[in-house]
Every structure is written in structure tokens, then in C-alpha cells.
Amino acid sequence: MAHRDDLPFVQDLRPLSKEQLAASIARQRGRKPTFAKPPPPPAAVSSTTTTPADDKQDENAPPGSSQSTLKKQLLGPSLLKSGQDNVDQSKVAEIIYEASKGSKYFINESRKDVELTKRIDRILKKKAALEKQDTSKDFKKTDELIAALELDRDLSQIVVHVDCDAFYASVEELDHPEFKKVPMAVGKGVLTTCNYEARKFGCRSGMAGHIALKLCPQLIFLPLNFTKYNAKAKEVREILARYDPRFEAASCDEAYLNITKYLEKHNMGAEEAVEQMRKEVFEHAKITVSAGIAPNARIAKICSNKNKPNGQFSILGDRSAVVAFMRALPVRKVNGIGRVFERELEAVGIKTLGDIYPVRGLLLKLFGQKAYEFLMSAFLGLGRTEIRPAEEYIRKSIGSESTFRDCEGTNNLRERLRKTAEDLEADLVKTELQGRTLALKIKLYTYEEAIRQKPLPYPIWKASDLYDYALPLLTKLEEEYKPMKLRLMGLRLTNISTRKKGAAGGNNFFKPIVIKKRKFGEEEEEEKWEEWPEEEFQKYDETGFQIPQEEEDIERDEEEMMYFDGLKSDDFLAVEGEGVEAVLETVKSEEEKKEEEVYWPCPICNQPQMPDDRTFNDHVDYCLSKQTIREAVRLGDEENEEGRVTPVPTRAEASASPEKSTINAIFKEYRQSGNQKNPLPSKRGRPKGKRRKT
DNA sequence: GCGGATCAC
DNA sequence: TATGGTGATCCGC
């Protein structure tokens, strides 16, 4: 099927005006345009029988009401990351709201919105309480954190984020040039992506198909064809590899490159090289890409959205350029801050990253350690500079889930479970994986979700085992939600290991695998020892999309001015408190750091390590695990059962093994003594206030 | 360790 | 008629 034939294909393909749009929607609904007046409030959350009859409740909802936030929510995840064109988002929001109202999906969104509002209330109460206390210590601690983070800032690398423009839609347009100038979307049910013509109407990736049709009645739908997209992605990657052979494919249509070496070798400027790369990609693969150029991955990612489509944007230079750029950035632009966190931050007065500074001392208690460190690191414009092939990241789970028409009744549900188990088995056969923990996920017809999981006595992968072990979980849920009516079922295995021959059985050929931490925690990396994956897992990524947005200038309060201006004048440290000064005086420029050549030698491999606790500890743990894994493999050889492969212990497990306690104790002591007396060679000494992370 | 929630794509 | 699938992380309990 090339496209949907039942869709109207009008000759006039100009976007509708807002009035036309409204009229069009109204016609379909047999009513007059509704968005001229305030729309009705969301359906009552406690009731699942809400009907459009509820319409007449509250006609004057205030802007901050749950209705307004809900509308924003219904706009979909891609909206606020983008912002694009001349589409009137509030009108689009009204149309979506009107079209969604009363549906089960909508009612569930209302329920979630109410929960979130409650949580925000709790955060605000906490904030009010904090403001009555003396928080000077919290501010001081945070300034110490800032100083410590500054210490690790690395501006010497040049990282590029490459993002294909409306990838799936672009690929389809190559095969169907006739769709280039008309609104077109890929995917059914929800839009996986859509072309720029469709975006003019307010269509977005992730939007429900029938909603998109309301916004754009002439929208053309094409079915997904992953084989085609993967082939095209490969063509793009062939070019990227020329610029960084160790580039990182972040998804089907995104990649990170570290082009520092390339630039040195070819004596080129970053902008120039990336222009050339994008040109080569277009010549070779015939699709356009956008790129962001920056000192680290986090900023590069943000930059690649600035001049989309088919453009590039760079933030390079000194620290002040980076900090100034981050300051004005709406928090939602940062990877890891989604709609929910955005609302929580907004509630405490944080709209842009710059807004973080005045309240920095409250963030730890308001949002927890991880989010706190994440925010501070984002505020400073820090991010990872090490880019490595996706194959070096280890997978932690594998699952399969699917949506269907309402399914109820024990027999039907069991049949569904059987099918789900078979689907998962197929993937487990392909990947040669198995798992030791099984999770069953369900979504009720009300869109409420639940998960039940259980550790297994041994790793499984066969459909029959999956079914047998999942059945008790299903019956448990059936009891809880009786009578249970489902719209989705999924199975997922965690604690996974490979079934490949020779992986962990006897040939102890191991290589380090890096674990990606995606959310908070500054995209840190943590190393483990695992089998080298010989084969890339097939990916079924779907493309999200973002479009640049104008950033309004923010007003800076006095305190903020001091920080940023101080940064520029290069002695910003002096404006801060006493404790901070003490820490900050150890901050050196990159050049100074390099010149000093002060490292701590690893007691095991004797290689010089960066002189900070965390890096050093991690490295020692890494070396230790190398030792302990070797021992574990030797032991494991004798203990292995036929046909069942012992999973390689993780670093934590390895450290916890009693056999290794001696060596661990030695190095624990080593590290502790280092902590107290700093016997390790260091001209500069360790920064005060640097927390030890475990 | 489990279950719910959030996030990215 | 009627809003996806895969994988990861974090938090509270």
C-alpha cells in the first residue's frame, strides 16, 4: 500500500488559515468553531463515564489552571522542544483538546495531570518551608559543587551532533517525489514523523493519527518501512565514519562525532568541516542533515536543533561563550528535561537554565541528589566529550509489547500472553540473549498501567518458559484488577546474558563495555566487563523531532548578574562566599592543567589517572574488577552447568564476592588513606568539598 | 528489589 | 472509529 486512498487529496495545498482550520474542524463535528471562547474544563477524573455533556461547567478557567496545563500536555512531547513556524500553537492546542475530550486517553491524561499538580504543590510547600530556614549552607555547598564541576571542564574537544531532517519522511520522499510538496506523515495510529509541509498544519511526531487528520484533512499517510530507513541510515553513516571512525550512532537518524582529530589532521575549522560533511552526506545519500557543533555532546545536541532543517549551529570558544549560551536556554531544550520536569521547574521559578542560579541552594532538597547534580551540570554547560561506537554500550533488558483491541476473559488473556511470549522469543532468538528476571506489563483499557516482575531460578528465553513464568504474574494482576480488560500486554527480561557459544564458558576473552546513563548524572560513564557483542542488535527506533525555537531574553536578577559578569571578567570566583573562594582558587585553565601533569598512579596498572576521587576510584574499581572477573571465570568454569551459561558478574557482584574480599579490603584502605592524608602525589591537592561517589 | 513514573527516540 | 514500541533511569517504599 503506497498511501491511504480514503484520504481527501485536495488541490489547494496551502496551509489553512486559523479561521479555515477552525471551520474545517467545526464542519466535521457539526458545530460552530469552538476555540473563540474558552473551552470547557477537563473531564472529571474520578469518573470514567464522563461525556461531552460535562461541557458547560467552567467557562473561565484561569491560565494556570489544570485545564491549561493539560492542554499543553495534550500538544504532545515534541511541541515545546520545537516551536517552529507560524503555526498558532494555542489554536492547535484547542483543536487537539476539542478532539480529545471525553476519550479514555484524555481522561487518563487528566488523571495524570491532577497527580502532577499535587506533586507540584508538595514541591512548593517544601520550597516555602526552606525559604523560612537558613539555607546559606546549602548555597555554599552548591557553590563548592560548581567549583568542583568547573575543575573538570574540558573545552579542548569538538563534538558534533548530526540529526537527519524528518528522517523517515525524507526517505519516503525520495521514493515518492510527488509527496514532497504536500503534507505527508509516516506511521499509523500515531505519527512516527511527518514532513515539513505537514508541520505547517501543526502535525507532529507522536501525534495520534486521527488528531493529525483534524488538523490537516489532506494529510497523506505512508506505512513504516524500517528496512528502507536502515539502508538509508547506513549510507549516511558511511560518510560520518570518514570524519570520526568511532562515531556514535545515537539512534537510526542521529549520531555524535568527535571531530577534534579530523580537524587537526586536515587543518580545518569546525564549521567548514561540518559544512563539507553535510554536503557529502547529501551528495551520497540525498537527504539533508542538521548539525550542532560544541565542546561536548549535550550542547552539540541542543545546537543541532537551532538551524533545522538543513543547517548547522555552533557554540565554540571559551567558557564564557558556553555559559552565556546556556543561561538563556529554556530548560526544556536540555536532553533529560521533559514535560513533567519542566512543569516542576517552572513552579519554582525556573524557566531557563539561568534561572537555576538564584535558587541553586534549594534544588538538592527540592528534587533530590541526581536531579540536582544534573541541573547544575546543565547550567554550567558541561557534558561528555567522549564519543564511542554504540556497539560498546551494553543492553540491560529486552522486551516486547503490543497494543490491541480490548481483551478480557481468562482464556483470551492467556492466549494474548502466549502470543506475547512468542514475540519476545523471536527477538531472543535473533539476539541470542536470555534473562533471569521476567516482567509482565499491562495497560488497562483505561490506560492505567501496571508491572509485575519476578526473578527466575535460571535464565530463560523460550516462549514456553516465558509463558509459564509469566502466568502467575498475570493471574496476580487479574486478581488485583478483576475484571481485567486490557489494551496492551508486554513481557520484558532483565538480568540478561548472552547465549553465544564461547562467550563466558571457557574463552575468557573480555573487553570493557561502557554503560550509558541517559537521564541524570551528567551522562557519566561507568565501565563493566562483559563479553564483546559480535553482532549489532537490530533497532526499531522511531524518530522524534525537534525544531528550533526563538528564545526570549530573560531578565537577570542581581545575583545572577554577578555570576555571569564575573565569569566574563575572569575573576568571578571572588564574588562568592569565603568557602567557595577557597575551593575555587584551585580552578585552573585547561592549559595550566596540562602543564602541571599531575596525576595519581593507579596502584594496579600503574597508569596515571586524573587526580580526582571519583575518576580515580572508578578506575581502581575497574582494574579490580578485571582481576576479580578473571578469578570468577576460572571458578565459573568448574561450576558451570551444561547448557546454562553463567552470566558474567557485574562489577558490583564481583566486588561483593567473598573470595575477593582481601584484595578489596586492601584497596579500600588504600583509597581511604588517600582520602585522609592524601599520600598520592599531587602538587595541587584534591579539591575540598568534592564528594565521593559510590 | 519492586512498582510506578519519566524520558528519549 | 478513537493515542506506539523499545530501552533506560530514578524515586519512594
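In the text below, chain A, chain B and the rest are named by the order of the sequence lines, each starting its count at 1.
- For A:Tyr372 and A:Phe367, the ring centers sit 6.0 Å or farther from each other.
- Relative to the side chain of A:Arg405, the nucleotides B:dC9, C:dT3, C:dT1 differ in distance, and C:dT1 lies closest.
- Contact annotation: A:Ser397 side-chain N/O to C:dA8 OP1/OP2 distance is under 4.0 Å.
- Under 4.0 angstrom from either OP1 or OP2 of C:dT3 there lies no side-chain N or O belonging to A:Lys112.
- Straight-line distance from the CD1 atom of A:Ile95 to the P atom of C:dT3: 19 Å, rounded to whole Å.
- Taking the centre and axis of the six-membered ring of A:Tyr445, the NZ or CZ atom of A:Lys485 falls inside the cone set by 45° and 6.0 Å.
- Distance NZ (A:Lys443) to C1' (C:dT6): 13 Å, rounded to an integer number of Å.
- Among the atoms of the strands shown, only primed sugar atoms or phosphate atoms (P, OP1, OP2) are found under 4.0 Å from some heavy atom of A:Leu488.
- Between A:Glu448 atom CD and C:dT3 atom P there is a gap of 16 Å when expressed in whole angstrom units.
- For A:Tyr97 and C:dA2, the OH to P distance is 22 Å, given to the nearest whole Å.
- Taking the centre and axis of the six-membered ring of A:Phe404, the NZ or CZ atom of A:Arg416 falls inside the cone set by 45° and 6.0 Å.
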Short N/O separations, protein against nucleotides 11-13 of chain C, under 3.5 angstrom:
none

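- Of the candidates A:Leu466, A:Ile460, A:Asp423, A:Leu466 is the only one forming a side-chain contact (heavy atoms from CB on, under 4.5 Å) with A:Leu428.
- In this structure, A:Lys396 atom NZ and C:dC10 atom P are separated by 9 Å, rounded to whole Å.
- A close approach under 4.0 Å does occur between a side-chain nitrogen or oxygen of A:Arg487 and OP1 or OP2 of C:dG4.
- To the nearest angstrom, P of B:dT6 lies 16 Å from CZ of A:Phe374.
- If you check B:dC9, C:dT3, B:dT6 against the side chain of A:Ile211, the one that comes closest is C:dT3.
- Scanning all heavy atoms of the two residues, the minimum distance from A:Glu342 to A:Ile337 falls at N-CG2, 3.9 Å.
- In the displayed structure, A:Lys127 atom NZ is contacted under 6.0 Å by more than 12 heavy atoms of other residues, nucleotides or ligands.
- Residue A:Arg339 places no side-chain N or O under 4.0 Å from the OP1 or OP2 atom of B:dT6.
- By the 30° and 60° cut-offs, the orientation of the rings of A:Tyr168 relative to A:Tyr229 is parallel.
- The nearest whole Å value for the distance from the CG atom in A:Asp423 to the P atom in C:dG4 is 17 Å.
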Grab the N/O contacts between the protein and nucleotides 1-4 of chain B below 3.5 Å, and write none if there aren't any.
residue	atom	partner	partner atom	Å
B:dC2	OP2	A:Gln453	NE2	2.6
B:dG3	OP2	A:Gln453	N	2.6
B:dG3	O3'	A:Arg452	NH1	3.4
B:dG4	OP1	A:Arg452	NH1	3.4
B:dG4	OP2	A:Ile451	N	2.8
B:dG4	OP2	A:Ile451	O	3.3
B:dG4	OP2	A:Arg452	NH1	3.2

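- Nearest nucleotide to the A:Ser402 side chain, out of C:dG5, C:dT3, B:dC7: C:dG5.
- Tested against A:Ser290, the residues A:Asn310, A:Asp165, A:Asn305, A:Asn307 include a single side-chain hydrogen bond (donor to acceptor under 3.5 Å, both in side chains) partner, A:Asp165.
- Comparing A:Gly209 and A:Ile398 along DNA chain C, the residue whose closest nucleotide (by nearest heavy atom) sits nearer the 5' end is A:Gly209.
- For the pair A:Lys101 and A:Phe106, the NZ or CZ position fails the cation-pi test of under 6.0 Å to the six-membered ring centre and within 45 degrees of the ring normal.
- Nucleotide B:dA5 holds its P atom 12 Å from the CD1 atom of A:Ile442, rounded to whole Å.
- Using cut-offs of 30° and 60° for the angle between ring planes, the A:Phe374 and A:Phe341 rings count as tilted.
- In this model, no side-chain donor or acceptor of A:Thr403 finds a partner on the base of C:dT3 within 3.5 Å.
- Judged by closest nucleotide on DNA chain B, A:Arg119 is the one of A:His161 and A:Arg119 placed further toward the 5' end.
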